[in-house]
Amino acid sequence: MTDTHPHPLVRAYLSSVDQRAGALPKARREELLADLSEHIEASLADADHSDDAAVSRVLDQLGDPGAIADAALAEEPSLLAGPQPESRARTHVTLTLVVLAFPLTVVPVIGILGLAAAAAGLWRIWKSPQWMRPEKVRATALMLAPLITVPALSLIFILASNGLTAAELITALLLSWCAPAAAAIALSRAASHLRETTTATHN
């Protein structure tokens, strides 16, 4: 449906709507795309020409693909009771931020990037509709765990050997990084399970 229109701007627009409305039943999603395509064709037929500028004007008049998808999803009450899947690309960005935030934080000079990545990762987790609140709480706790585990492990090494060697510090950092990594794994599994369940239900 989204790759049959001759104009690339229209194909990209319909594809964006299709991805963002992925939680809709397949039949309803196809109906939405067909209605949009028909409206676009009718609007272009009324225009004097169908160059890029004209197509862009028609698409602008239709509105943002995300807003259209959200409106369609809002008309499906059954979808409002539980989590809604996001695209794999959006999920991968979030998980990458979760995994890289702590390692970047401990790197000299660019540590500020780690703090920014952590903030962005937490924001994306809590903004995402595909994870339930308990999953978000656990992921947040695991992402912040190194703030406790690094000092705690370092203290243990200091007490055990009357000092802290570079190897022991690296060990403390690696062990602490396991918590954010575990958060990313748990979130990834939850997202994959939701996506598979939704696909099986609506196809």
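Note that the coordinates shown come from a computational prediction; the quantities given were computed from them, not determined experimentally.
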Considering all heavy atoms, the nearest [X]-[Y] contact:
| X | Y | value |
| --- | --- | --- |
| Ile68 | Gly63 | CD1-O, 4.1 Å |
| Thr94 | Ile125 | CG2-CG1, 3.8 Å |
| Ala72 | Leu32 | CB-CD2, 3.8 Å |
| Ser154 | Val150 | OG-O, 2.8 Å |
| Glu86 | Pro129 | OE2-CD, 3.2 Å |
| Ser176 | Thr149 | OG-OG1, 2.8 Å |

Output the distance between atom [atom1] ([X]) and atom [atom2] ([Y]), rounded to the nearest 0.5 Å.
| X | Y | atom1 | atom2 | value |
| --- | --- | --- | --- | --- |
| Arg57 | Asp60 | CZ | CG | 9.5 Å |
| Gln61 | Ile40 | CD | CD1 | 11.0 Å |
| Leu73 | Arg28 | CG | CZ | 9.5 Å |

Validation row: [X], [Y] side chains within 4.5 angstrom (heavy atoms):
| X | Y | value |
| --- | --- | --- |
| Leu142 | Pro180 | no |
| Gln130 | Arg195 | yes |
| Ile112 | Leu115 | yes |
| Leu194 | Trp131 | no |
| Gln19 | Ser16 | no |
| Leu187 | Leu95 | yes |

Does one hydrophobic cluster hold both [X] and [Y], with members joined at side-chain heavy-atom distances below 4.5 Å?
| X | Y | value |
| --- | --- | --- |
| Val93 | Leu100 | no |
| Met143 | Leu147 | yes |
| Leu144 | Val137 | yes |
| Phe157 | Leu159 | no |
| Val99 | Leu174 | no |

Quick check: does any side chain N or O of [X] sit under 3.5 Å from a backbone N or O of [Y], one acting as donor and the other as acceptor?
| X | Y | result |
| --- | --- | --- |
| Ser188 | Ala184 | no |
| Lys136 | Ser128 | yes |
| Glu135 | Met132 | yes |

For this session: Please assess Ser161 against Glu168 for the test side chain to side chain donor-acceptor pair (under 3.5 Å), listing each intermediate value before the final yes or no.
Result: CA-CA 10 Å; Ser161 58; Glu168 290 171 339; 3.3 Å; yes
Is the count of non-hydrogen atoms from other residues, nucleotides or ligands lying under 6.0 Å from [X] atom [atom1] greater than 12?
| X | atom1 | answer |
| --- | --- | --- |
| Trp123 | CH2 | no |
| Ile158 | CD1 | yes |
| Arg124 | CZ | yes |
| Trp177 | CH2 | no |

For this session: Could you check Tyr13 against Val17 for side chain to side chain contact (heavy atoms under 4.5 Å, CB included), going step by step and ending with a plain yes or no?
Result: CA-CA 6 Å; Tyr13 185 91; Val17 174; 4.1 Å; yes
For this session: Run the numbers on Leu9 and Asp52 for side chain to side chain contact (heavy atoms under 4.5 Å, CB included), then give the verdict.
Result: CA-CA 8 Å; Leu9 289 178; Asp52 287 356; 4.3 Å; yes
Exercise. What do the steps show when you test His39 against Asp35 for side chain to side chain contact (heavy atoms under 4.5 Å, CB included), and what is the final call?
Worked result: CA-CA 6 Å; His39 179 82; Asp35 290 343; over 6 Å; no
For this session: Show the numbers, then the answer: is there a side chain to side chain contact (heavy atoms under 4.5 Å, CB included) between Asp64 and Arg20?
Result: CA-CA 11 Å; Asp64 179 71; Arg20 299 186 185 206; 3.9 Å; yes
For this session: Going by the side chain to side chain contact (heavy atoms under 4.5 Å, CB included) test, name the single residue among Val98, Val106, Leu104 that passes it with Phe102.
Result: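 With Phe102 as partner, side chain to side chain contact (heavy atoms under 4.5 Å, CB included) holds for just one option, Val106.
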